[in-house]
*Asks:* 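Dumping the structure here so I can ask a few things about it.
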2 protein chains.
Amino acid sequence: MSIRVMLVDDQVLLRTGFRMVLAAQPDMEVVAEAGDGVEALEVLRSTAVDVVLMDVRMPKLDGVETTRRICAEPGAPKVLILTTFDLDEYAFSGLKAGASGFMLKDVPPAELLGAIRSVHSGDAVVAPSTTRRLLDRFSPMLPSSGKEPEHKGLERLTDREREVMMLVAQGLSNGEIAARLVLSEATVKTHVGRILTKLGLRDRVQVVVLAYETGLVRAGGGAL
Amino acid sequence: MSIRVMLVDDQVLLRTGFRMVLAAQPDMEVVAEAGDGVEALEVLRSTAVDVVLMDVRMPKLDGVETTRRICAEPGAPKVLILTTFDLDEYAFSGLKAGASGFMLKDVPPAELLGAIRSVHSGDAVVAPSTTRRLLDRFSPMLPSSGKEPEHKGLERLTDREREVMMLVAQGLSNGEIAARLVLSEATVKTHVGRILTKLGLRDRVQVVVLAYETGLVRAGGGAL
DNA sequence: GTCCGGATCAACCGTGGGGTCGATCCTTGG
DNA sequence: CCAAGGATCGACCCCACGGTTGATCCGGAC
């Protein structure tokens, strides 16, 4: 029997993309969609779902709280948190809320499909050790008693910064990045600097390490 | 039925280590060992083997040539090339000679066991794309018509250099590496410099990328 | 309108890192 | 014995990088 997947994301375009990818799979089908958490909970009351692909950032009810409510029900579907870059308290709170794992939205489709199957079969897609380490490293402020996550923790990276970070993670110099993005080197330096302070890292070397450890980039990605 | 494994390596100690690891597995057994290629071929004539763990650097007959002869036989066992660091023409020639994959000797045992099972079930342990990229990157001198590999290609890293490289790949600065290995920073710089020239890389950032891409270190390894 | 965040760029400066040369000490092997 | 290679360290130079400050432009929020 195929895996019944539900998509929860406020970006329609992104849902469409995922739906097309999943439609090509013989063992998966998208049986439901929702644009926010409230809608998701509503739909779930009347639809049998195996795996929920859940965005963290949504209007009305965010992914974390939605996940918490979903997982509170007996016989709840598995929840796979999707983030753009994050590594912020949202994603980790999602795990604490009962999600089976989290993934980056820009992973190659094969990765995502594998993750869905893993989650469906009961596995977590993030190694617990990795999670723990990242938690220790990036969230020294978790309330432990699950109140509101207190957004003060990590500052989010902007889209542009994440874009730069991808290139840093591939070993490019500031000059090369500037050329690639058609920018001045000064701008690249500004971005890199902000990335370092936001993530609490020392230099671009640690950026590469972090990128690989978190799966922002992964071995075999063509970096070399 | 358990996987019948053969160990081919001139280092007795290393064979012992592997044997102990494999002995702990319910689905594997070491049915043969050999200290060089000639001995390996001889033993194989009288013993049924599923997977051969083959070192590249051996006296008499090296791993590549031994692999070639093994794979030339009908019903040949799978061959998994083992290297210390390499990435040299030996390992890749091994793949061309018919090996099902190659691994680094210092991978965690679980990785090795997984690789053995993958190879046994017919999978290659190195993604073809990765192999191709690394081939392009590191062996622009392959004769294409499989003569002697012409050892002039990459210079091998020494043990010490590889040790330093591991730490570089974890994001440590020269000073931190010096402290870790109880060395002067000057020495570390010398090692790092040699690593860069030997591998044809520009800076330590690319070392990190390479280390992750080749599996020298891998995500979840505790680097952060 | 104003305010704010993001993106863009510039000038400065101190330091770490990489390149080069050279030196010493040791072990291995011919 | 001597040659060769590896490991260790020092001195030198240069520059890419990271930190700081400050500026401009723009679009969205209020």
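Per chain, numbering begins at 1; letters A, B, ... match sequence-line order.
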*Asks:* Looking at B:Ala169 and B:Val208, what are the two nearest heavy atoms and their distance?
*Replies:*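 Residues B:Ala169 and B:Val208, closest heavy atoms: O-CG1, 3.8 Å.
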*Asks:* About how many Å separate CG of B:Leu7 and CG of B:Leu22, when rounded to the nearest 0.5 Å?
*Replies:*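 Going from the CG atom of B:Leu22 to the CG atom of B:Leu7 covers 6.0 Å.
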*Asks:* Calculate the interatomic distance between A:Ile195 atom CD1 and D:dC17 atom P; express it in whole Å.
*Replies:*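 Taking atom P of D:dC17 as the reference, CD1 of A:Ile195 is at 13 Å.
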*Asks:* Between the side chains of B:Glu176 and B:Arg180, is the shortest nitrogen-to-carboxylate-oxygen separation below 4.0 Å, so that they form an ion pair?
*Replies:*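 Salt bridge flag = no for B:Glu176 with B:Arg180.
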*Asks:* Reading nucleotides 8-30 of chain C from the 5' end, what letters show protein touch, with B for base, S for backbone sugar-phosphate only, - for no heavy atom under 4.0 Å?
*Replies:* BBB------BB------------
*Asks:* NZ of A:Lys198 versus C1' of D:dG19: gap in Å, rounded?
*Replies:*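 Value for this atom pair: 17 Å.
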*Asks:* Between A:Asp9 and A:Asp55, what is the shortest heavy-atom contact and its length?
*Replies:*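 Minimum heavy-atom separation between A:Asp9 and A:Asp55: OD2-CB, 3.3 Å.
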*Asks:* Going by an N to O cut-off under 4.0 Å, is there a salt bridge joining B:Glu185 and B:Lys189?
*Replies:*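 No, no charged N to carboxylate O under 4.0 Å.
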